[in-house]
Structure formats: structure tokens, C-alpha cells
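Shown next, in C-alpha cells, is the structure this report addresses.
The sequence lines fix the lettering, A, B, ..., with proteins before strands; numbering per chain opens at 1.
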There are 2 protein chains.
Amino acid sequence: MPSERTVERLSLYRHLLSRALTEGAAHVHSHQLAGMAGATAAQVRHDVMSIGYSGTPTQGYEVEKLIESIGEFLDTPLSRNIALMGVGNLGRAILSDFAVRRPTLKIVAAFDVEPDRVNRVIHGCRCHSLEELQQIIWTQQIAIAIIAVPASEAQPIADTLCEAGICGMLNFAPVRLQVPQGVFVDDVNITIALEKVSYFAGRKALDRGRIG
Amino acid sequence: MPSERTVERLSLYRHLLSRALTEGAAHVHSHQLAGMAGATAAQVRHDVMSIGYSGTPTQGYEVEKLIESIGEFLDTPLSRNIALMGVGNLGRAILSDFAVRRPTLKIVAAFDVEPDRVNRVIHGCRCHSLEELQQIIWTQQIAIAIIAVPASEAQPIADTLCEAGICGMLNFAPVRLQVPQGVFVDDVNITIALEKVSYFAGRKALDRGRIG
DNA sequence: TTTGTGCTGTTAAACGGTTAACGGCGATTC
DNA sequence: GAATCGCCGTTAACCGTTTAACAGCACAAA
């Protein structure tokens with residue numbers, strides 16, 4: 001049972017390795033991968049060990065095999081189909097910037113309440129009304145949802161999704177969602193992230209004597 | 001020197017408290033705040049202690065005073081002005097959804113390379129060309145930047161920002177930015193977040209027996 | 001005024017995660 | 001073929017964070 005941090009790093013490793021593979025790298029050493037990921041070599045070795053893959057001394061890890069092993073470990077038996085709730089600015093950004101290149105995870109349906117968005121195809125993804133939600137989630141075998149609706153609508157939407165059998169959500173609304181125990185929620189709060197950056201940037205600036 | 005987690009929680013507390021204040025709450029207990037934030041009462045007390053504020057028994061914390069204390073602790077002597085790099089879909093989403101309501105942190109300038117975006121006002125924020133960057137960062141006293149450009153452009157943009165004296169960045173590009181030691185970077189990788197949700201949702205589903 | 005209750009502030013323990021250390025092995029070189 | 005070098009796998013120590021426990025206090029009630 002790996003921690004959230006470990007899963008995040010494994011996912012990061014896979015992306016870095018995929019990029020390295022396209023650049024022709026067949027093998028990588030732990031310290032190389034660590035350099036790319038911003039981690040230590042010991043941590044990379046520890047993470048790789050936890051998924052059961054083994055490299056060889058002097059050769060390091062086989063890039064292709066390691067990618068495969070991470071996939072066997074990370075990719076769940078769940079359906080990889082994702083629903084996007086809310087096709088406002090943020091929803092559109094997610095559709096255009098992030099959904100494209102991932103073959104393992106795919107946004108297959110979008111939902112919105114605005115009549116002028118429903119039944120349109122936006123960035124290659126069809127937008128449906130909320131009334132179709134239950135049926136589409138069932139027929140398309142959707143297990144994950146992205147919450148990109150205004151804060152006031154987030155909780156009702158989450159309730160509907162839970163009733164429809166959704167297993168996990170990535171929530172961009174600045175609200176702590178109440179969900180049943182069996183549903184996993186991860187929050188991405190951009191405002192909080194900005195305040196964190198502001199705080200630590202200020203501290204670093206103080207240390208460097210730029211201000212004060 | 002608080003940890004990143006602690007700073008995130010303090011920021012979250014402040015938002016929750018602000019909302020509670022508008023709803024008329026003058027006092028809160030640690031377990032109430034913990035319930036809102038998804039933490040434990042002990043953790044709230046520990047965090048509050050770390051910033052030097054004290055409540056009273058039977059009354060708990062004074063909402064207004066606690067907000068003020070968090071502000072004194074979190075809000076840095078840095079300028080609160082932020083630059084947004086890239087006014088594509090994601091940049092526009094950030095401008096419209098997040099920049100609005102925060103008085104402590106404000107996006108005061110946007111930058112893009114697309115000629116049809118430059119010199120336009122988008123969601124109340126003027127978009128400039130990159131050539132104006134150094135001068136505007138200087139005159140507007142901008143200390144923080146949001147990187148919302150394509151991955152291929154992220155590193156050059158970061159280099160320019162560092163040269164211009166930026167102290168911190170919130171990076172949405174799926175690239176690990178190389179920056180000098182005195183600059184703080186926080187990464188928000190939506191793809192990795194989705195894969196994490198997928199993994200833990202799958203595990204939870206297994207535990208609940210939804211899939212086999 | 002006295003007693004009781006429930007919360008806070010503080011310290012200590014427990015937990016988890018990161019980092020370090022080291023044995024072992026494969027490749028390469030002489 | 002032997003030896004040397006460097007990296008991986010593993011275990012253990014270290015560190016930080018979270019959690020628990022307890023003393024003290026303010027207010028309320030009797």
C-alpha cells in the first residue's frame with residue numbers, strides 16, 4: 001500500500017521515462033531518473049523496489065520494462081474513462097491541454113447545465129445535459145470525474161456522481177466535498193497553491209536579502 | 001519555519017474562517033474548524049499554536065482575530081502582485097475563476113506571444129507582449145508568476161522571469177523547471193493528479209467489492 | 001463562592017516517510 | 001580468468017509530521 005506521494009512520483013517517473021524513450025534512451029540509472037524527477041537516487045530505488053521491478057548493476061533500469069512495470073502497478077482494473085463536469089473556462093482548458101496525450105486515461109464525456117453548451121462537441125468531446133448523466137456513466141463505464149463547476153454547484157454534482165457509482169473525483173472547486181467512504185477525492189485549490197508560493201517565495205527573498 | 005503542508009492548511013483555515021465570518025460566526029472551536037478543513041482538532045490547535053495566536057477555553061478562537069493572525073503570519077512583505085504567463089485556455093480559466101475574489105493576491109498583468117492576444121484586456125486583465133516583461137515586472141513590483149504556457153515554452157519563460165527578479169512561480173506546465181536557488185517553484189500537474197485519483201479510486205473500489 | 005464542565009496550550013509518544021549505509025552482483029578491463 | 005569498479009536491492013537509522021494525552025483555565029451554574 002503505497003502512499004499518495006509515492007503514487008505521484010511513480011506517475012511522474014512514467015512520464016519522464018516515456019519522454020526519455022522517445023529520445024532514444026534504452027537504460028537509465030537511478031540517479032539520472034532522480035535528477036529528472038527532482039528526487040534522490042535512494043528514493044527512486046525505493047520506489048522502484050516497491051513495485052517489484054528490478055534493474056541490473058552497471059546497466060540500470062530498462063526504460064521500456066520499467067514503464068511497463070509502473071503501468072502494471074498503477075493502472076487499476078477500473079475503467080479508464082473519465083467524465084468532465086463543467087465546460088466553463090477551466091473545463092475547456094482541461095479538455096484542450098491535458099486530455100489529449102494520455103492514452104491510459106481519457107475524458108469520454110462532458111456535462112454542463114448551460115443550454116448553449118449541451119449537445120455541442122468541444123475540443124473533441126461531446127457535452128451532455130445532466131439528465132443524461134446516470135445513463136452515460138453506466139453505458140460508458142465511467143469511474144472517475146473531474147469537478148470543474150462553480151463552488152456552489154460542486155456538492156450537488158458530487159452527490160449525483162456518487163449515486164451514479166463514481167469511484168473517484170478530482171475536485172477543482174474550493175469546497176470540501178462530502179462523499180461516502182468508498183469514494184476517493186483529491187482537491188486542487190489554485191488559490192491555496194498561490195498563497196503557498198507567495199509565502200515561501202517571500203521567505204526565500206528574505207534569505208537572499210532581496211527585500212527587507 | 002512551518003512545513004508546506006502547514007502553510008496550505010493555514011491558508012485553508014483562513015478561507016473557511018472568512019466564509020464563517022460572513023455567515024455570522026464570531027467564535028469557532030478547534031474541532032469545528034477541523035471538521036470544515038478535514039483535519040483533526042489536535043492538528044488545528046497545533047497549527048494555531050505555531051502562529052502564536054491563542055484562543056480561550058469555552059469560547060474557542062475569535063474568528064476575526066484568528067483571520068488577522070493568520071494574515072500576519074502568511075502574508076509576506078513581498079508585493080502581492082502576480083503575473084500570468086500564457087493566456088490560453090488555462091490562463092483564461094485562472095483569470096476568470098480564481099483571480100477575482102482574493103484581495104491579498106492579485107493578477108495585475110498577463111503575457112502572451114500570440115499577436116491577437118497582446119494589448120487586449122481579458123477578464124479585466126491587460127495582456128502584454130513578452131518584450132514588455134522586464135519593465136512591467138519592475139514598475140508593477142511583481143514578485144510571483146503563474147506559468148500557464150505550453151510545456152515547450154515553460155523553461156525559456158522561467159529563465160526570463162528569473163532574470164527579471166521573480167521570487168516564486170506556480171507552474172502548470174508538465175516540466176520540472178530549472179531555477180536558481182532563491183526562487184520557489186510549486187508544480188500543479190493535472191495529469192499526475194488524475195492518475196493518482198484513478199489509482200486510489202480503483203483500490204477503494206476493490207475494497208468495496210464493486211469490481212472484481 | 002464554589003464546583004463542575006469542556007475547551008485550549010503544551011508536551012510527549014507514535015507513526016510514516018525519507019535518507020543513508022552496505023552487501024552483492026554484473027560488466028568491463030587488464 | 002581474475003580483479004576492479006559502480007550501481008542496484010535491502011535494511012536500518014533518522015527526521016518530520018501527526019496524533020494522543022494531560023494540565024490549566026475560563027465561564028457557567030448552583
Side-chain angles (χ1 to χ4, degrees), chain A residues 1-13 16-17 20 25-70 73 176 187 192 196 199-200 203, chain B residues 1-13 16-17 20 25-70 73 176 187 192 196 199-200 203:
Chain A
M1 49 172 184
S3 67
E4 291 197 23
R5 287 282 170 85
T6 304
V7 171
E8 286 177 358
R9 280 197 302 271
L10 286 170
S11 173
L12 175 60
Y13 296 160
L16 295 168
L17 291 168
H27 298 268
V28 288
H29 293 297
S30 60
H31 62 87
Q32 292 175 315
L33 190 51
M36 301 184 227
T40 66
Q43 193 161 51
V44 169
R45 290 203 296 272
H46 202 276
D47 290 337
V48 170
M49 187 188 68
S50 74
I51 67 171
Y53 177 79
S54 282
T56 61
T58 67
Q59 294 278 0
Y61 304 114
E62 254 181 89
V63 176
E64 209 161 350
K65 291 281 178 58
L66 182 49
I67 291 173
E68 192 182 345
S69 288
I70 294 176
F73 187 83
R176 181 155 290 265
D187 291 306
I192 288 178
K196 184 174 77 169
Y199 177 81
F200 286 104
R203 276 190 78 88
Chain B
M1 48 175 186
S3 68
E4 291 197 22
R5 287 282 171 84
T6 305
V7 171
E8 287 178 358
R9 281 196 302 270
L10 286 171
S11 173
L12 176 60
Y13 297 160
L16 295 168
L17 291 168
H27 297 268
V28 287
H29 293 298
S30 60
H31 62 87
Q32 293 173 315
L33 190 51
M36 301 182 224
T40 65
Q43 195 161 49
V44 169
R45 290 203 296 271
H46 202 275
D47 291 336
V48 171
M49 188 188 66
S50 74
I51 66 171
Y53 177 79
S54 282
T56 61
T58 67
Q59 295 278 0
Y61 304 115
E62 255 181 88
V63 176
E64 209 161 350
K65 291 281 178 59
L66 182 49
I67 290 173
E68 192 182 345
S69 288
I70 294 175
F73 188 82
R176 181 156 289 266
D187 291 306
I192 288 178
K196 184 175 78 170
Y199 177 82
F200 286 104
R203 274 191 78 89

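Atom CD in A/Q43 sits roughly 19 Å away from atom P in D/dC7 (whole-Å rounding). When rounded to the nearest whole Å, the span between CZ of B/R45 and P of D/dA21 equals 12 Å. The separation between A/H27 atom NE2 and D/dC8 atom C1' is 14 Å, rounded to whole Å. For the pair B/R5 CZ and C/dG17 C1', the interatomic distance rounds to 11 Å; values are reported in whole Å. If you measure from atom NE2 of B/H29 to atom P of C/dT5, you get 17 Å, rounded to the nearest angstrom. For B/E4 and D/dG16, the CD to C1' distance is 13 Å, given to the nearest whole Å.
Counting only distance, with no hydrogens or angles, the side chain of B/S50 and the backbone of B/D47 share a donor-acceptor pair below 3.5 Å. Under the 3.5 Å distance criterion, the side-chain polar atoms of B/S11 are left unmatched by any main-chain donor or acceptor of B/V7.
Once rounded to the nearest 0.5 Å, the distance linking OG1 of B/T6 with CG of B/L10 reads 6.5 Å.
Minimum interatomic distance between B/V63 and B/L17 (heavy atoms only, all atoms of both residues): CG1-O, 3.6 Å.
Considering only heavy atoms from C-beta on, A/E68 stays 4.5 Å or farther from A/Y53 through its side chain. Put simply, the side chain of B/R176 does not reach to within 4.5 Å of the side chain of A/L16, judged on heavy atoms.
Within the structure, a side-chain polar atom (N or O) of B/T40 is placed less than 4.0 Å from OP1 or OP2 of D/dT19. Considering only side-chain N and O atoms, A/S30 lies nowhere under 4.0 angstrom from the phosphate OP1 or OP2 of D/dC7.
Non-hydrogen atoms lying under 4.0 Å from DNA chain D are contributed by B/H46, B/P57, B/T58, all within residues 46-66 of chain B.
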